[in-house]
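Computed from a predicted structure; not experimentally measured. Just so you know, residue 1 is the first one in the sequence shown, and it goes up from there.
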Amino acid sequence: MSLISQNALQKRRLEKNRVADDDSDEGIGSPVAPDAEVEKEAKRSKKRKAKALEAKENQDAEEMRQLESSLFGAIYAPLEFGTEVGAAAAARDQDGALFFVDRSAGDGEDELPVYDEGSGTEGDEDEMVNKVRKPAWEDDEEERTEVDIAKVSRLRKLRKEADERVISGRDYEARLRGHHAKLNPFTGWADMDRKPPLPGVSDDESDDEGGVDNILRNNDELVVKGTAKLLPGMLDFSSLVDANSQEPSRGIITSVQFHRNGQLMLVASLDKCLKFFQIDGKRNPKIQSIYIEDCPIRKASFLPDGSEVILSGRRKFFYSFDLVKAAVSKIGPLTGRDEKSLETFEISPDSRTIAFVGNEGYILLLSSKTKQLIGTLKMNGNVRSLAFADGGNELLSSGGDGHVYHWDLRTRKCIHKATDEGSLAGLSLCTSQDSSYFATGSSSGIVNVYKRDEFLGGKRKPLKTIENLTTEMGQMKFNHDAQILAISSGKEKNGMRLVHVPSFTVYQNWPGPRSSLRYPSCLDFSPGSGFLSVGQSNGKVLLYKLHHYQNA
C-alpha cells in the first residue's frame with residue numbers, strides 16, 4: 001500500500017472520531033440523556049448482582065459436590081480398575097509433581113530390596129536387604145481442619161449441644177455420615193443378592209464380604225434379646241410406631257402377616273386394598289399398594305416360600321399376587337364346585353397345598369402351583385377353621401360338631417377324630433411350628449391347649465384351659481419357638497392375651513392399663529418373634545417389640 005492511501009485511511013478515522021464526539025456532546029446537553037444514563041446504569045447494576053448471585057450459587061453447589069464426593073464417593077462411585085493411573089497422570093501434568101521420594105533418610109541408599117550378584121559371599125548370595133519404608137508424611141489434614149457448624153443454617157442439625165460451634169474435620173465427617181444413615185436407612189429387603197449372615201458373624205463383617213440377600217430370603221437381626229428362656233409373669237415389651245402409620249386403612253384390618261425375611265409385612269382390609277410395608281420399627285415406610293376392585297379382602301397370606309400372596313373374600317373366586325412379577329391373577333370359580341365363598345383358607349408350610357373351607361363340611365384342596373382342585377375332604381359338621389401340621393402332610397379341622405379332625409393328606413383319609421373338651425362349636429385352630437402343640441378356640445371364648453402326640457394317642461384332657469376371654473374366639477397363633485401363644489377376640493375391647501406356654505399362665509402386664517388396643521381383628525409374630533403386630537377395627541396396625549428375642 002502506498003503512503004497516500006495510508007494517509008487517506010487515517011484521515012477517515014479521525015473524521016469518524018470527531019463526529020462521534022460531537023454526537024456524544026449533543027447527547028449530554030439534551031434533556032433525555034440523564035434518564036437514559038440512569039436506566040443503563042441500573043441495568044448494568046442488576047446484571048452485576050445477578051452474575052454475583054449466580055457465582056455464589058455455583059460456588060456453594062461446587063462446595064457441596066466436593067463434600068459429598070469426599071464423604072460418599074466410595075459408596076456411590078466406586079473406583080474403576082485402570083483409571084487410577086490415568087487420573088494420577090492427568091493431575092501430575094496439570095499441577096506438576098505432587099510429591100517425591102526422599103532418599104536422604106537412608107544416607108543415599110535405595111530403600112527398595114536390592115540384589116547384587118557380586119556383593120555377598122557364597123553363604124549369603126540369596127539374601128536380600130529389606131528395609132521398612134517410613135511414610136514421607138502423615139496426613140492429619142482432617143485434624144487441623146475446623147468447621148463452624150453454627151454459622152451455616154443447614155449444618156446446625158449436626159450439633160450435639162445448643163452452644164456448640166466449631167468441630168474438627170473428622171468429627172464433621174462422622175456426623176455427616178451418621179445423619180446420612182439416619183435419613184437413608186438400609187433397605188435390606190430390596191437387595192436381591194444379599195447372603196444371610198453366617199452364625200457368629202456380625203452384620204459389619206458380612207457387609208464387608210459383599211454379600212446381600214434376596215428380598216424374599218433375608219432375615220436380618222433387628223431386635224436385641226436375652227439368651228435365657230422366656231420367663232412367666234411380666235413380659236418385657238415396648239410399643240413402636242404403627243406398622244401402617246404412613247397410610248392407615250379405611251376399613252377393618254382383616255390380615256397382617258410378616259414375610260419370611262422379617263422386614264416386609266402385608267396389611268389387608270375390607271377397603272379392598274393390599275399394602276406392603278417395610279418394618280424397621282422407626283418409620284415403617286410403605287412399599288406398595290394394590291387395589292382389588294371387586295373383592296373386599298377377608299384374608300391375605302404369603303406362601304411360606306415368600307414368592308406369592310393369596311387373597312380371598314366373600315366371593316366364588318380368589319386372587320393371586322406374584323411378588324416377583326408384580327402381577328395379579330384372578331382364579332375361579334373352581335371347576336365342579338358351587339361354593340358361594342372362599343374367604344377362609346390355610347396354606348401348607350411346604351407351599352404345596354392351599355386348603356379352602358367349602359360348603360356343607362367340605363374342605364377343598366388346591367395345588368398352589370397350578371391353582372387347580374386336586375382333592376376334597378368331608379367332615380360331618382360344617383367347617384369353621386383349618387391348621388396344617390407335620391410340615392404340610394397332615395391337616396387339622398374343626399367346626400360346628402365340636403370335634404377336631406386329623407387328616408393325612410397323602411392318603412386323603414381321616415386318621416383321628418375326637419371331641420374338643422367343653423366346645424360346642426370350634427371357631428379357630430392353630431398349631432406350633434414343630435407341630436408338638438395345637439390350640440382350639442370356641443364360641444364361648446375358651447381356649448384349650450393340647451399336646452398333639454398325646455391327643456392322637458387317646459388322651460382327651462387338654463394340658464390347659466384358658467378362660468381369660470369371654471367372647472367368641474378370633475385369631476390365635478404360637479410364636480416360632482412355641483413359648484408364647486397369642487389369643488384374640490374382635491368382639492371385646494382389649495380382647496387379646498399373651499400366654500406363657502411352658503407355665504400356661506397369662507402375662508399380667510399385657511396389654512397394659514393404658515393400652516390403646518381396640519377390638520383386635522388379626523395378629524402375627526415376625527419369623528424370629530422380635531416383633532408382634534396387631535390389626536384393629538379402626539384401620540391401624542399396632543407394632544410391639546418383644547425384647548427377649550433377637551431376630552425380627
J.: Let me confirm one number: the OH-CG distance from Y437 to L463, rounded to the nearest 0.5 Å.
T.: 6.5 Å
J.: Would you please classify the geometry between the F356 ring and the F318 ring as parallel, tilted or perpendicular, with 30° and 60° separating the classes?
T.: tilted
J.: Donor-acceptor pair, distance only, cut-off 3.5 Å: does the side chain of N509 make one with the backbone of L235?
T.: yes
J.: Just by modelled atom types, is the E343 backbone N or O under 3.5 Å from a matching donor or acceptor in the K299 side chain?
T.: no
J.: Is there side-chain contact between L365 and L377, with heavy atoms separated by less than 4.5 Å?
T.: yes
J.: Keeping the roles fixed (side chain from T505, backbone from H500), state whether a donor-acceptor pair exists under 3.5 Å.
T.: no
J.: Has the side chain of T465 got a donor or acceptor atom that lies under 3.5 Å from a matching backbone atom of N448?
T.: no
J.: Output yes when a side-chain donor or acceptor of S341 lies under 3.5 Å from a complementary backbone atom of R314, and no otherwise.
T.: no
J.: How many angstroms lie between CD1 in I374 and CD1 in I354, if you round to the nearest 0.5 Å?
T.: 9.5 Å
J.: Test side-chain contact (heavy atoms from CB on, under 4.5 Å) on D322 and S329 and set out the steps.
T.: CA-CA 8 Å; D322 192 318; S329 302; over 6 Å; no
J.: Please tell me if the side chains of F345 and L366 come closer than 4.5 Å, counting only heavy atoms from C-beta onward.
T.: no
J.: Assess whether side-chain contact (heavy atoms from CB on, under 4.5 Å) is satisfied between K459 and Y450, documenting all intermediate values.
T.: CA-CA 9 Å; K459 185 179 179 179; Y450 294 92; over 6 Å; no
J.: Run the salt bridge (Lys or Arg N to Asp or Glu O under 4.0 Å) test on R460 and E421 for me, step by step, so that the C-alpha distance in whole Å, both residues' side-chain angles and the decisive distance to 0.1 Å come before the verdict.
T.: CA-CA 7 Å; R460 304 292 186 263; E421 185 176 285; over 6 Å; no
J.: Counting only heavy atoms from other residues, nucleotides and ligands, does the tally under 6.0 Å from NZ of K464 exceed 12?
T.: no
J.: Just to verify, which of L230, L485, N479, I484 counts as forming a side-chain contact (heavy atoms from CB on, under 4.5 Å) with V501?
T.: L485
J.: Backbone N or O of N284 within a donor-acceptor pair of the D280 side chain at under 3.5 Å?
T.: yes
J.: If you draw a 6.0 Å radius around CZ in R175, do more than 12 non-hydrogen atoms from other residues or ligands fall strictly inside?
T.: yes
J.: May I ask you to check whether over 12 heavy atoms, not counting those of Y519, lie within 6.0 Å of atom OH?
T.: no
J.: Hey, what do you get for CZ (F388) to CG (L396), rounding to the nearest 0.5 Å?
T.: 10.5 Å
J.: Could you tell me whether the side chain of R315 and the main chain of D294 form a donor-acceptor pair under 3.5 Å?
T.: yes
J.: Any side-chain to backbone donor/acceptor pair from R452 onto F438? Under 3.5 Å, distance only.
T.: no
J.: Set out, in order, the CA-CA distance, both residues' side-chain angles and the distance that settles side chain to side chain donor-acceptor pair (under 3.5 Å) for N359 and D338, then state yes or no.
T.: CA-CA 8 Å; N359 297 337; D338 190 25; over 6 Å; no
J.: Check whether any side-chain N or O of S423 sits under 3.5 Å from a backbone N or O of S442 as a donor-acceptor pair, and report yes or no.
T.: no
J.: With side chains defined as the heavy atoms from C-beta onward, is the minimum distance between I253 and Q536 less than 4.5 Å?
T.: no
J.: What closest approach, in Å, do P520 and V534 show between heavy atoms, and which atom pair accounts for it?
T.: CB-CG1, 3.7 Å
J.: To the closest 0.5 Å, what do you measure between OG (S239) and CG (L517)?
T.: 10.0 Å
J.: Decide yes or no on side chain to side chain donor-acceptor pair (under 3.5 Å) for S385 and S428, but give the supporting numbers first.
T.: CA-CA 5 Å; S385 59; S428 58; over 6 Å; no
J.: Has K286 got its NZ or CZ under 6.0 Å from the middle of the six-membered ring of F277, at an angle within 45 degrees of the ring axis?
T.: no
J.: Find out whether I292 and V328 are in side-chain contact, i.e. whether some heavy atom of one side chain is under 4.5 Å from a heavy atom of the other.
T.: yes
J.: Please work out whether the ring planes of Y405 and W407 are parallel, tilted or perpendicular, with thresholds of 30° and 60°.
T.: parallel
J.: Counting C-beta onward and ignoring hydrogens, is there a side-chain heavy-atom pair between L323 and F302 closer than 4.5 Å?
T.: yes
J.: After noting the C-alpha distance and the side-chain angles of D481 and Q483, does the key distance pass the side chain to side chain donor-acceptor pair (under 3.5 Å) rule?
T.: CA-CA 6 Å; D481 59 2; Q483 293 196 79; 2.7 Å; yes
J.: Report yes if the side chains of D408 and K413 come closer than 4.5 Å at any heavy-atom pair, otherwise no.
T.: no
J.: Looking only at heavy atoms, what is the nearest atom pair of A486 and L498, with distance?
T.: CB-CD2, 3.6 Å
J.: If I compare all heavy atoms of I252 with all of S537, which pair ends up nearest, and what's the gap?
T.: CG1-O, 3.7 Å
J.: Out of curiosity, H406 NE2 to K417 NZ, how far, rounded to the nearest 0.5 Å?
T.: 14.0 Å
J.: Could you check whether any side-chain heavy atom of F276 comes within less than 4.5 Å of a side-chain heavy atom of F321, counting everything from C-beta outward?
T.: yes
J.: Tell me if the NZ atom of K477 is crowded by more than 12 foreign heavy atoms within 6.0 Å.
T.: yes
J.: Using side-chain heavy atoms (C-beta onward) and a distance below 4.5 Å, is H547 in contact with S238?
T.: yes
J.: Any idea which heavy atoms bring L532 and D524 closest together, and the distance?
T.: CD1-O, 3.5 Å
J.: Could you go through L395 and T353, starting from their C-alpha distance and side-chain angles, then the distance that decides it, and tell me whether this counts as side-chain contact (heavy atoms from CB on, under 4.5 Å)?
T.: CA-CA 11 Å; L395 178 68; T353 308; over 6 Å; no
J.: Once you round to the nearest 0.5 Å, how far does NZ of K451 lie from CG of L456?
T.: 12.0 Å
J.: Counting only heavy atoms not in K378, do more than 12 sit closer than 6.0 Å to its NZ atom?
T.: yes
J.: Please report the shortest heavy-atom distance between L342 and K316, naming the atom on each side.
T.: CD1-O, 3.3 Å
J.: Might you point out which heavy atoms bring H259 and P527 nearest each other, and give the distance in Å?
T.: O-CG, 3.3 Å
J.: Distance-only, no hydrogens or angles: does the S255 side chain make a donor-acceptor pair with backbone N or O of A268 under 3.5 Å?
T.: no
J.: What's the verdict on ring-ring contact (aromatic ring centres under 6.0 Å, His included) for H416 and F455, showing C-alpha distance, side-chain angles and the deciding distance?
T.: CA-CA 9 Å; H416 189 268; F455 187 79; 5.3 Å; yes
J.: Any chance OH of Y362 has more than 12 other-residue heavy atoms, nucleotides or ligands included, within less than 6.0 Å?
T.: no
J.: Walk me through it: do K325 and E308 pass the test salt bridge (Lys or Arg N to Asp or Glu O under 4.0 Å)?
T.: CA-CA 10 Å; K325 299 179 181 179; E308 198 172 343; over 6 Å; no
J.: Could you go through the side-chain contact (heavy atoms from CB on, under 4.5 Å) check for V541 and M265 one step at a time?
T.: CA-CA 11 Å; V541 179; M265 189 177 74; 4.0 Å; yes
J.: Taking CZ in R518 as the centre, count heavy atoms belonging to other residues, nucleotides or ligands within less than 6.0 Å. Is the count above 12?
T.: no
J.: Is it true that atom CD of Q433 has more than 12 heavy atoms of other residues, nucleotides or ligands lying nearer than 6.0 Å?
T.: no
